[in-house]
Amino acid sequence: MPNRDFGSDILPAIGRNLTVVAAPQSFQHLDAKPGVQLPGFGLIVDLAKPEEGAEIMQLLFQTLTSIANLNAGQQGRQPWLLSSETHKGVQIHFGKYSQKPKGERLPIIFNFMPAAARVGNRFVLCSSIDLCRQLIDGYSQPAGRLADNSTLDSRIEVRGEPLAKALEANQELLEARSVQEGKSPEQAKVEVTTLFKLLRAIDSLRITSGEATEGYEVRVEAKWAK
């Protein structure tokens, strides 16, 4: 970042918590679907200095999208055009295509349509505008539907049903990989189907860590689906 020192300018503007989330996406920005369908990913950055921090994160977003656009031709896609919209009173900046891409089994890069927004004292960077809107909805609620991790050093939470759906979108790829490892098509299908059933049996799996009364504590909690 030009004319900015990481230690004195950037780090003091960023808060204690960094949160990474993943969720299914709809691919509404395409007239097709990628060959490998990834969930949407989001990074939520707490801002110790909301105004300064938001400017820094916005500059980072613009820089990353500009660098990505330099490689657009090599990736076989149109460059992203920077645009904006307002959702629940929050301005979202995002990259979009001038025309919706079409074709069969598009390259993996088409999973992404970067988006960014400031929500209060948080800055949200997302790989899809759908997920950005969902996070704005969550953080805009007075009660704060999304968890506050201020007392934790780290927290990882995985939900079985959404993970199973994300993998089901790539079922053919998973089965093909099993066949390449020497299994028959029938065995591969049973193996992948069993994996989906096991994931759906888990409602959530949560791993948290942080300081305890004596030392450091790591806790693993699993909740089974009803």
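Below, each value reflects all heavy atoms present in this structure, side chains not excepted, and no hydrogens, waters or symmetry copies. All values reported here derive from a predicted model rather than from experimental measurement.
- The shortest side-chain heavy-atom distance between Leu167 and Leu199 falls under the 4.5 Å cut-off.
- Using a 4.5 Å heavy-atom threshold, the side chains of Ile108 and Pro34 count as separate.
- At least one donor-acceptor pair under 3.5 Å links the side chain of Thr65 to the backbone N or O of Gln62.
- Taking a cutoff of 4.0 Å between a charged side-chain nitrogen and a carboxylate oxygen, Lys49 and Glu55 do not qualify as a salt bridge.
- Side-chain atoms of His87 and Asp137 form a donor-acceptor pair, as typed in the model, at a separation below 3.5 Å.
- Residues that satisfy the side-chain hydrogen bond (donor to acceptor under 3.5 Å, both in side chains) test with Ser98, not counting sequence neighbours, are Gln78.
- With a 4.5 Å cut-off on side-chain heavy atoms, Val90 and Tyr139 do not count as touching.
- Here the side chains of Leu60 and Ile56 are not in contact, with every heavy-atom distance at 4.5 Å or above.
- Ring-plane geometry between His29 and Tyr97 is classed as parallel, the angle between the planes falling under 30 degrees on a 0 to 90 degree scale with a further cut at 60.
- Side chain of Asn121 to main chain of Leu47: no donor-acceptor pair is present (N/O by atom type, distance under 3.5 Å, no hydrogens or angles).
- For the side-chain hydrogen bond (donor to acceptor under 3.5 Å, both in side chains) test with Glu85, the passing option among Gln91, His93, Arg133 is Arg133; the others fail.
- Atom CZ of Arg200 has more than 12 neighbouring heavy atoms from other residues, nucleotides or ligands inside a 6.0 Å radius.
- The backbone N or O of Lys102 lies less than 3.5 Å from no partner atom in the side chain of Asp31, so there is not a single donor-acceptor pair.
- With a 4.5 Å cut-off on side-chain heavy atoms, Phe27 and Asn111 count as touching.
- Checked by atom type, the side-chain pair Glu191/Gln187 shows no donor-acceptor distance below 3.5 Å.
- The backbone N or O of Lys183 sits nowhere less than 3.5 Å from a side-chain atom of Ser178 that would complete a donor-acceptor pair.
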Exercise answer: donor-acceptor pairs, residues 218-226 side-chain atoms, under 3.5 Å, sequence neighbours excluded:
residue : atom : partner : partner atom : Å
Arg219  : NH2  : Glu217  : OE1          : 3.4

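- Side chain of Gln25 to backbone of Leu38: a donor-acceptor contact under 3.5 angstrom is found.
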